[in-house]
Protein chains: 2
Amino acid sequence: MGSANRAKSRRSSGSQKPPLSRDAVLSKALELVDAEGIDALTMRRLGQRLGCDPMSLYRYAESRAALLDGVAELVLDELSIQPGDPDWKVQLRLLAHDFRKLALQHPHVVPLLVTRPLSTPLGMRPLGTLRPLEQILSLLIAAGFEPSDALHVYRAYYGFLYGHILNELQEFIVDPEESEALLRLGLHRLPAKDFPRLRALAPALADYDGSEELDQGLTIRLTGLEAQLARRTG
Amino acid sequence: MGSANRAKSRRSSGSQKPPLSRDAVLSKALELVDAEGIDALTMRRLGQRLGCDPMSLYRYAESRAALLDGVAELVLDELSIQPGDPDWKVQLRLLAHDFRKLALQHPHVVPLLVTRPLSTPLGMRPLGTLRPLEQILSLLIAAGFEPSDALHVYRAYYGFLYGHILNELQEFIVDPEESEALLRLGLHRLPAKDFPRLRALAPALADYDGSEELDQGLTIRLTGLEAQLARRTG
DNA sequence: CGGGTAAAGTCTACAGTGTAGATCGGGCGT
DNA sequence: ACGCCCGATCTACACTGTAGACTTTACCCG
């Protein structure tokens, strides 16, 4: 198709043939999603970017949906728990901030992270998706929680984290310079009679420190959990 | 197309011509999504169900995406705050449980609720989406919070609520009879070396009372917020 | 009653999608 | 040398969203 496609020689003259592994496919896919959003991830377009036939991709992901799952897994794998850290609370706190950072770096992937597991019964998920769960569980159990309590704690923690991320991303504004103007502009459309509070809060909405808000929420949550733990262990 | 399509007479002999309003379109769309999931909502299929040309739909929603927004809005409209209730805490608690019930009734819509706002700058959202925000804000302000604090409270509250819903739906299992068996089956696939905690917790995962978990989380959250309020008002 | 106007509904057509199935090519073991 | 198999490709099909032209319907005014 191209010009010098016969380049199958050993040293392909510095041209492009990273020989198409699963990771190569997934990371190019991630690139594409990051750059243009989920809908832009098309078999044909991805094939184009990789310089191969769209059909080749099916060797490495058995459908487009599976490919999306792969992308989500790839992103999640960037997270990891340092298993030997001192305090479970600082652990969870660090992890939360890492996750937040990751979400801000790949905002287009967040819908996948949040949405895809809904269609997959828990046991059938890609392992990469379950690893954080397992890690946190053992972290908590090591910290002294009863296993079943650890599950509750995990739910409370992750629920809050997901919720926060979604909230923060919803208010995300691209250009921090013009943000306030844009916001006002957007809100100006609202009928003043029906939305007085919202309009009045426009400036407050404009300067929103997600990191701090996350941290505050975490302290509340974590101290509460710690109290619960103290009560158990006596 | 059909057989007796000439039926345009005043009384259409009990046949079918609910004359295609926006609400008719949206609620049929919701039906379809509830029954078969988001991907099943296709212009052509929806047209078929409504007995009209797919193109007609564009009179009532200017694109498929807009149609999805409409569906989300329609679902959200089923929620409402009784404005005259006694305590803001019981208000928020009731609202949370209503929302949870709604989410369980329309699980396929939840991804829309959670995801669509991410692509729409806050000011440009369909009004139905913003109304809950406004209502909660005025509820909180009426309860004595400073407006900017009300915003924080709203974020904490909704963040938690969204997170909980997502968590609960992820563990949702269709048939409560076989659920445990299925779950074990699913989890059995996990390598025992890598996921010991998770496998051990299978039974605990199986009996998960979402409502109670929600309620517990709410009490923590709400009492925390109340303390904050008391501090402000002195 | 006739005619004009705007809306509501339809038809056709196009570019693009995911993917099943057959086909090709080239490196390996024997 | 042969056969084999696996990765990559090609072709084809059913289906998608939607632009633009067209037809039908409803109604209002003279």
Side-chain angles (χ1 to χ4, degrees), chain A residues 1-12 15-26 28-29 32-33 36-72 108 112 115-116 119, chain B residues 1-13 15-26 28-29 32-33 36-72 108 112 116 119:
Chain A
M1 294 189 165
S3 42
N5 60 344
R6 187 56 48 88
K8 188 65 216 16
S9 69
R10 198 55 47 97
R11 29 154 69 217
S12 58
S15 179
Q16 53 285 58
K17 272 296 173 185
L20 206 51
S21 67
R22 172 156 222 258
D23 280 343
V25 169
L26 287 186
K28 254 294 186 289
L32 224 168
V33 171
E36 309 187 42
I38 291 183
D39 292 339
L41 179 50
T42 283
M43 299 312 243
R44 298 190 222 263
R45 285 177 61 140
L46 181 54
Q48 195 169 323
R49 296 250 179 158
L50 285 163
C52 73
D53 190 276
M55 280 298 134
S56 308
L57 305 174
Y58 287 87
R59 297 269 161 204
Y60 306 101
E62 67 176 7
S63 70
R64 190 186 111 106
L67 205 158
L68 291 177
D69 285 337
V71 170
H108 284 139
L112 290 184
T115 270
R116 302 272 344 157
S119 2
Chain B
M1 295 186 167
S3 42
N5 59 345
R6 187 58 48 86
K8 191 60 218 19
S9 70
R10 199 54 49 98
R11 30 152 70 218
S12 58
S13 77
S15 178
Q16 52 286 56
K17 272 297 173 182
L20 207 52
S21 65
R22 172 157 222 257
D23 281 343
V25 169
L26 287 186
K28 254 292 185 293
L32 224 169
V33 170
E36 309 187 42
I38 292 183
D39 292 340
L41 179 50
T42 282
M43 299 312 242
R44 298 190 223 263
R45 286 177 61 140
L46 182 53
Q48 195 169 321
R49 296 249 179 158
L50 285 164
C52 73
D53 190 276
M55 279 297 134
S56 308
L57 304 174
Y58 286 88
R59 297 269 162 204
Y60 306 101
E62 68 175 6
S63 70
R64 189 185 111 106
L67 205 158
L68 290 178
D69 286 336
V71 171
H108 284 139
L112 289 183
R116 301 274 342 157
S119 1

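Computed from a predicted model, the values in this text were never measured in an experiment.
- For the pair B/Lys28 and B/Leu32, the minimum side-chain heavy-atom distance is 4.5 Å or more.
- Not counting sequence neighbours, B/Ser119 has no partner by the side-chain contact (heavy atoms from CB on, under 4.5 Å) test.
- For the segment residues 55-71 of chain A, the set of residues with a heavy atom within less than 4.0 Å of an atom of DNA chain C comprises A/Met55, A/Tyr58, A/Ser63, A/Arg64, in numerical order.
- Between atom OG1 of residue A/Thr115 and atom CG of residue A/Leu68 there is a gap of 11.0 Å, rounded to the nearest 0.5 Å.
- Closest approach of B/Ala72 and B/Leu112 over heavy atoms only: CB-CB, 4.3 Å.
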Compile the donor-acceptor pairs under 3.5 Å between side chains in residues 37-47 of chain B and protein atoms, sequence neighbours left out, one pair per line.
from: B/Arg45; atom 1: NH2; to: B/Glu36; atom 2: OE1; distance (Å): 2.6
from: B/Arg45; atom 1: NH2; to: B/Glu36; atom 2: OE2; distance (Å): 3.0

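- One atom, CG of B/Asp53, and another, C1' of D/dA19, lie 14 Å apart when rounded to the nearest Å.
- Taking the C1' atoms of five terminal pairs at each end of the helix from C/dC1-D/dG30 to C/dT30-D/dA1, the two resulting helix axes are inclined by 10°, rounded to 10°.
- C/dG18 atom P lies 10 Å from atom CG of A/Asp39, rounded to whole Å.
- Closest to the side chain of B/Arg44, out of C/dT10, D/dT9, C/dA13, is C/dA13.
- The minimum heavy-atom distance between A/Ala29 and A/Leu67, with the atom names listed, is CB-CD2, 3.7 Å.
- For B/Thr42, the listed nucleotide lying nearest its side chain is D/dT16; candidates were C/dT17, D/dT16, D/dT9.
- Using modelled atom types, one side-chain atom of B/Tyr60 and one backbone atom of B/Leu20 make a donor-acceptor pair closer than 3.5 Å.
- Under the salt bridge (charged side-chain N to carboxylate O under 4.0 Å, His left out) criterion, the residue pairs touching residues 57-71 of chain B are B/Asp69-B/Arg116, with sequence neighbours excluded.
- Rounded to a whole Å, the CE atom of A/Met43 is 17 Å from the C1' atom of D/dC13.
- When rounded to the nearest whole Å, the span between CG of B/Leu50 and P of C/dG9 equals 11 Å.
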